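Numbers restart at 1 for each chain; the letters A, B, ... are given by sequence-line order, proteins then strands. Not measured: the values here are computed from a predicted model.
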Number of protein chains: 2
Amino acid sequence: MKSKITLKDIARELEVSISTVSKALKNSEEISRDTKEKVQAFARLYNYKPNNIAISLKNKRTKNIGVVIPDIVHHFFTTVIRGIEKYANAKGYNVIVCLSEESFDKEVINMEMLANGSIDGFIMSLSSETQAKKDFNHLKEVMEQGIPVVLFDRITNEIDCDKVIIDDKLGGYLATKKLIEQGKRKIALITTDDYLSVSKARGQGHRKALIDSGLEVDESRILKLPTMEMDEERIRSFFDSIEFDAVLCVNEIFAVFSMRVALEKGLKIPDDVAVIGFTNGLLSKYANPSLTVVAQHGEKMGEISAQMLIDKVESEKEEETFQTKILEPTLVVRDSTIN
Amino acid sequence: MKSKITLKDIARELEVSISTVSKALKNSEEISRDTKEKVQAFARLYNYKPNNIAISLKNKRTKNIGVVIPDIVHHFFTTVIRGIEKYANAKGYNVIVCLSEESFDKEVINMEMLANGSIDGFIMSLSSETQAKKDFNHLKEVMEQGIPVVLFDRITNEIDCDKVIIDDKLGGYLATKKLIEQGKRKIALITTDDYLSVSKARGQGHRKALIDSGLEVDESRILKLPTMEMDEERIRSFFDSIEFDAVLCVNEIFAVFSMRVALEKGLKIPDDVAVIGFTNGLLSKYANPSLTVVAQHGEKMGEISAQMLIDKVESEKEEETFQTKILEPTLVVRDSTIN
DNA sequence: TTGTATGCGTTATCAC
DNA sequence: GTGATAACGCATACAA
């Protein structure tokens with residue numbers, strides 16, 4: 001086992017000083033061609049690579065980005081990670097992924113773990129517990145230490161930082177409008193409690209579309225689940241309790257499951273019931289029938305988040321100007337609505 | 001902005017030496033109660049936390065694990081990450097995720113990036129390009145440097161290291177047996193070229209089940225796609241070209257899509273055509289009809305991988321004994337096969 | 001052109 | 001009980 005070679009090793013072997021080696025490897029003008037060639041050849045031969053940790057300590061830059069998300073199994077977050085990874089990697093950064101699993105405590109622990117020098121900045125989406133609790137001290141502390149934070153998707157207005165979201169209200173609006181245009185009048189909404197920022201906004205868009213079209217908002221057609229967790233029982237009994245000719249859901253799982261319930265009831269999709277979900281994932285694409293969704297452009301969101309963060313990290317100036325990027329949601333029309 | 005406080009800061013403030021502070025915070029016996037209390041109180045007040053990077057440099061231990069996988073959108077890898085994260089986090093490790101995106105070059109670059117001190121060990125699944133090329137020098141080099149590696153799922157026999165896989169051959173066998181037991185005789189197989197270790201093994205299991213049951217292996221009923229990428233065209237035309245009453249697919253996407261094609265042909269599932277896939281993901285669960293699959297237990301696989309890696313990392317002794325853990329696949333029976 | 005000294009933040013050894 | 005010093009690996013200002 002040949003352990004990693006260091007500057008010191010090279011210096012010893014070649015009987016020069018460490019700094020000479022360091023400079024030679026950087027092709028410094030100060031060093032003679034002879035020495036440079038000798039050192040570089042030796043370094044190449046032994047495959048010298050500088051130790052990242054030492055460089056981090058010196059530069060106070062780790063070239064690591066901490067990504068804290070509630071969940072990795074939901075397709076949306078997966079695509080965001082991919083976007084972050086793509087951009088970050090191209091810029092020479094690594095991505096450390098931590099899962100809060102919707103738990104406030106885990107979110108706090110993860111952030112503390114990373115904030116002690118392991119990363120240059122955070123990209124995160126709040127856990128549902130955090131949004132419910134409205135306790136953002138862990139974010140404030142991190143920011144006070146000068147660590148930049150970019151929030152995406154599940155954000156809060158109580159923290160001043162860069163943010164990337166899609167216009168969820170518009171998403172809810174577009175989807176509902178689409179259903180109305182197709183002649184649907186009894187549109188059900190399956191969402192979560194309002195503390196989740198995205199659900200709230202989507203619900204508002206839904207409501208606005210109804211009102212704009214002169215339809216009444218029937219609260220009994222709205223099912224608010226406590227979390228994004230699937231609850232087959234409640235969704236089933238919800239559908240048993242109402243009349244509906246369309247369903248809008250805040251994620252694709254609820255939507256696909258709604259289609260199953262509808263099919264089981266002998267209803268035809270999209271003629272008897274049209275269904276729209278959020279998140280343009282595999283599920284939507286390969287469901288039978290395929291699902292019309294509001295695409296959230298997760299990968300794009302990840303790229304933008306990474307870009308904003310890295311810009312902040314690498315900008316010398318300590319300008320405290322934060323921006324919120326709002327992406328446009330897109331309706332991806334498939335077979336669960338009428339074409 | 002109050003930047004992070006260091007030992008030096010505390011020492012200066014309290015007018016003691018850095019080493020005294022360090023020892024006091026570790027509750028060393030050498031230090032007087034008075035000093036300890038003073039120092040600890042001060043540290044608590046200013047929320048002192050040791051700098052991870054400095055500790056890493058000192059200990060030559062980063063408490064980071066590098067995870068290199070081909071893809072993050074496939075549900076299987078997602079669950080593995082979750083398993084790794086879970087175990088690693090509990091042990092105080094962070095997880096750095098790098099995506100090779102099935103590219104050999106990216107895999108190499110990512111590993112080199114991490115191998116220079118950023119991580120204590122690797123958990124990885126080979127990219128398809130790497131499996132096709134059979135070039136594993138990047139793995140060898142890393143291991144020669146004394147960095148432990150755990151391979152999971154997509155492995156190779158050419159590298160001696162810890163491995164975690166499921167018995168893919170058994171998985172293919174079980175699935176095929178199941179179909180045969182249900183009276184299916186014209187079983188199609190949608191897989192990839194043999195260079196992908198898992199596909200090859202699954203195909204072998206499939207073949208063995210056919211032979212064991214006295215059925216002939218009809219090569220025309222086997223479609224080998226170049227990669228795990230979806231190719232709707234080829235799958236469609238494949239189904240146009242053969243007679244079949246069942247389909248086994250090496251992933252859930254192929255399987256769900258096969259169901260769609262069958263449905264479009266007016267075939268009934270599972271009576272006219274039974275379908276089984278690999279990977280017990282959301283897609284399988286929420287597809288209509290729901291899909292019978294061979295579960296790969298990704299989360300378990302992740303946990304075991306992390307455990308094996310961390311054991312290696314933390315074991316002082318340099319024993320070069322490697323083990324391969326083989327998990328049992330499980331058939332999860334749903335509506336795409338006859339109950 | 002090369003080398004010395006210093007520092008990044010921490011810990012450990014040894015001296016006082 | 002406390003503190004000075006060296007070391008982890010590297011970079012750089014400053015000497016020589």
Under a 4.0 Å heavy-atom criterion, DNA chain D is touched by chain B from D:dG1 to D:dG9
**Request:** Measure distances between side-chain N and O atoms of B:K58 and base N and O atoms of C:dT10, and say whether any donor-acceptor pair falls under 3.5 Å.
**Result:** no
Backbone N or O of B:T156 within a donor-acceptor pair of the B:K163 side chain at under 3.5 Å?
-> yes
Atom CG of A:N59 and atom C1' of C:dC8 are separated, to the nearest Å, by 9 Å
- prompt: Between the side chain of B:D120 and the main-chain N/O of B:T62, is any donor-acceptor distance below 3.5 Å?
  reply: yes
What residues 4-27 of chain A contributes to the DNA chain D interface at heavy-atom separation below 4.0 Å is A:T6, A:L7, A:K8, A:S19, A:S22, A:K23, A:K26
For A:S56, which contact category applies under a 4.0 Å heavy-atom criterion: base, sugar-phosphate, or nothing?
nothing
* Examine distances only and state if a side-chain atom of A:D162 and a backbone atom of A:V150 form a donor-acceptor pair shorter than 3.5 Å. => no
Open item on the list: Heavy-atom count check: over 12 atoms from other residues, nucleotides or ligands less than 6.0 Å from A:N157 CG?
Closed with: no
Per-helix bend value, the helix from C:dT1-D:dA16 to C:dC16-D:dG1, C1' rotation axes over five pairs per end, 10° rounding, shows 60°
Rounded to the nearest 0.5 angstrom, the CZ-CD1 distance for A:F77 and A:I84 is 10.5 Å
Rounded to whole Å, the CG-P distance (A:L57 to C:dG7) equals 14 Å
request  = For atom NZ of A:K4, decide whether the heavy atoms of other residues, nucleotides or ligands shown that lie under 6.0 angstrom number more than 12.
outcome  = yes
d(B:K140 NZ, B:H138 NE2) to nearest 0.5 Å is 10.5 Å
When rounded to whole Å, the NZ to C1' distance for the pair A:K60 and C:dT10 reads 13 Å
Exercise. So does A:K106 pair up with B:E85, basic N to acidic O under 4.0 Å?
Worked result: no
Report task. Scan B:I55 against the nucleic acid and name what it touches under 4.0 Å (heavy atoms): base, sugar-phosphate only, or nothing. Result -> sugar-phosphate
So CD1 of A:I81 and CD1 of B:I81: to nearest 0.5 Å the spacing works out to 6.5 Å
- Is the side chain of B:S22 donor-acceptor paired with the backbone N or O of B:I18 at a distance under 3.5 Å, no angle test? no
Any donor and acceptor pair, going by atom type alone, linking the side chain of A:T78 with main-chain N or O of A:I72 inside 3.5 Å? yes
